[in-house]
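Keep in mind that this is a model prediction, so the values were computed, not measured. Letters go in sequence order (proteins before strands), and every chain restarts at 1.
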2 protein chains.
Amino acid sequence: MSTATTPSSRRELNKAATRRAIADAALAQLRSKGEGNFTVEDIAAEAGVSRRTFFNYFTGVESALASLADRFLEHALEQFRLRPAEEPVLESARAALLALADPMTAAPIAELFSLTSSSQSLGRCELEAWDHCTDQIIAAARERLGAGADELQLRAMAGSVIACGKAAMSVWFDERGADLSPESLAVFREHLVTAVGMLANGFAAPQPS
Amino acid sequence: MSTATTPSSRRELNKAATRRAIADAALAQLRSKGEGNFTVEDIAAEAGVSRRTFFNYFTGVESALASLADRFLEHALEQFRLRPAEEPVLESARAALLALADPMTAAPIAELFSLTSSSQSLGRCELEAWDHCTDQIIAAARERLGAGADELQLRAMAGSVIACGKAAMSVWFDERGADLSPESLAVFREHLVTAVGMLANGFAAPQPS
DNA sequence: GTGCAAAAATGCACTTAGTGTAAAGATGTG
DNA sequence: CACATCTTTACACTAAGTGCATTTTTGCAC
């Protein structure tokens, strides 16, 4: 503990806390009032800041909610970066995706998913979060593979892996709603494994024997 | 002349024309003034309708521009639907993607890509268009495969194919800008083929010898 | 053509998003 | 404590987006 790992002055910490408070307030409003029934002013009030301050941190409601999704997708990224460099990238990506099925990680993202799934405009922030995650995987993989990496392969692979993550989550969600019980999460995990397995198989054989 | 091929009454046709006029006006404004330097009122004026009418057709500028992307992604969808039902889905998808490299199709989408690539908020409409296309591929594939289809496989595959399309387009764009010359389009086409090839190969061997 | 009903376009008023700016408040430094 | 810097806030303003009443267009029957 003691001095942080990052050069965080008190100011940095306060800013991070404010940012987080605002994002959490946005989620709270979404939870209690539902899509479209609250304003930025409501969020600011709940977070205990002025309306103007909200806009100092986020460009809008979607942006604030996307930061929540990012927070948890970030966890998966972390896993990716921790994998040994010699490991095939696809394998690392699979391991990272599995981190999504961790209860602590899945819970908030599943809730966000359920709260936003009925809305076109809020569905966007999910979309954006996944896309952002794709970019970060690409960056991480590029860093690992060095300058000689094939950009096309990198982007196609990262995009495909994320697509599998999205597919697994959406099928899981259709089947189980926001059920976060251990059995349900096991199903989610299985879907993730299956999807990435099919990907690694080129979607060739329906039953990979 | 005479009665239309689709059961479109005159009213439907007029509506479609207005919708199109508005979308085109939005593109024209984007072209001439650039991201963020024009308003909905400008678009409405250029399209020759009132501000209010704009909002009768679209929810906002992004929505209007996304409809342009949709118009051309639709062309690829068409190709998919035309493929024989016995063909492997992945193969059909590849054929459909190749339709994007057709000059008539690529030109508008490439322009939109170049006009929106510098903007976060407008990049969203691209994102949304691709996502919409994914949904339609899923629907088309589901229809082809009947009720027995594996939803997870369907969604993972469609998402991956689209990811390959996005990857090919973004790499191409990074390399060639909005160059639409035949050679440049050949490169684009090659990237599409390569990306889907890697996908069909499970991203296994860098040189699939 | 004339009249009529349905649909589309418009004008207007209103709430909310989002931003520039300047002043007030908090924080780190010597 | 004094000072420079960063953060929050208040205020004012433009533009987005929506509800509603009204006017204009359109399709259809006579």
Visitor: Measure CD1/B/Ile43 against P/D/dG17 and give the value in whole Å, please.
Guide: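 Whole-Å distance recorded here is 10 Å.
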
Visitor: State, without any angle test, whether B/Ser170 and A/Arg155 hold a side-chain donor-acceptor pair at a distance under 3.5 Å.
Guide: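 Looking only at side-chain atoms, A/Arg155 and B/Ser170 do form a donor-acceptor pair, the distance falling under 3.5 Å.
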
Visitor: Check every strand shown and say whether A/Phe58 touches a base, only sugar-phosphate, or nothing at a heavy-atom separation below 4.0 Å.
Guide: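 No contact at all - A/Phe58 keeps every heavy atom at 4.0 Å or more from the nucleic acid.
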
Visitor: Rounded to the Å, how far apart are B/Tyr57 OH and D/dT18 P?
Guide: 16 Å

Visitor: Round to a whole Å and report the spacing from CG of A/Asn37 to P of D/dT18.
Guide: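 From A/Asn37 CG to D/dT18 P: 13 Å.
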
Visitor: So which nucleotide from D/dA16, C/dA8, C/dG11 ends up closest to the side chain of B/Phe55?
Guide: D/dA16

Visitor: What integer distance in Å separates B/Arg52:CZ from D/dA15:C1'?
Guide: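 B/Arg52 atom CZ is separated from D/dA15 atom C1' by 15 Å.
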
Visitor: Is there a donor on the side chain of A/Arg11 or the base of C/dT27 sitting less than 3.5 Å from an acceptor on the other?
Guide: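 Pair found.
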
Visitor: Are a donor atom and an acceptor atom from the side chains of B/Ser50 and B/Thr53 found within less than 3.5 Å of each other?
Guide: yes

Visitor: For A/Glu41 and D/dA10, what is the distance between atoms CD and P respectively, to the nearest whole Å?
Guide: 11 Å

Visitor: Just so I know, are the side chains of B/Glu151 and B/Leu154 near enough to count as touching, which here means a heavy-atom distance under 4.5 Å?
Guide: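 Answer yes - side chains close enough.
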
Visitor: Between B/Ser50 and C/dA9, is there a side-chain N or O to OP1/OP2 distance below 4.0 Å?
Guide: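 For B/Ser50, the contact criterion (side-chain N or O under 4.0 Å from OP1 or OP2 of C/dA9) is not met.
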
Visitor: Between the base of C/dG18 and the side chain of A/Arg51, is there a donor and acceptor pair under 3.5 angstrom?
Guide: yes

Visitor: With sequence neighbours excluded, tell me which residues meet salt bridge (charged side-chain N to carboxylate O under 4.0 Å, His left out) with B/Glu74.
Guide: B/Arg81

Visitor: Check the distance between C/dA26's P and A/Asn56's CG and give it to me in whole angstrom.
Guide: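 So the two atoms are 17 Å apart, to the nearest Å.
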
Visitor: In terms of side-chain geometry, is the basic nitrogen of B/Glu111 or B/Arg31 positioned less than 4.0 Å from the acidic oxygen of its partner?
Guide: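 Result for this pair is yes, salt bridge flagged.
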
Visitor: Closer than 4.0 angstrom, basic N to acidic O: yes or no for A/Glu91 and A/Arg94?
Guide: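 Judged by the 4.0 Å cut-off on N to carboxylate O distance, A/Glu91 and A/Arg94 do form a salt bridge.
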
Visitor: Taking CD in B/Glu190 as the centre, count heavy atoms belonging to other residues, nucleotides or ligands within less than 6.0 Å. Is the count above 12?
Guide: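 Open: at most 12 neighbouring heavy atoms sit under 6.0 Å from CD of B/Glu190.
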
Visitor: What heavy-atom pair brings B/Ser92 and B/Arg83 nearest, and what distance separates the two atoms?
Guide: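 So the minimum-distance heavy-atom pair works out to OG-CB, 3.5 Å.
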
Visitor: Over the length of the helix from C/dG1-D/dC30 to C/dG30-D/dC1, how much do the five-pair end axes diverge, rounded to 10 degrees?
Guide: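 Terminal axis comparison yields 20°.
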
Visitor: Can you pull out the residues from residues 14-26 of chain A that lie within a 4.0 Å heavy-atom distance of DNA chain D?
Guide: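 By residue number: A/Lys15, A/Thr18.
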
Visitor: In terms of heavy-atom contacts, does CD of A/Glu143 have more than 12 from other residues, nucleotides or ligands at under 6.0 Å?
Guide: no

Visitor: Picking from C/dA17, C/dG20, C/dT10, which would you name as closest to the side chain of A/Thr39?
Guide: C/dA17

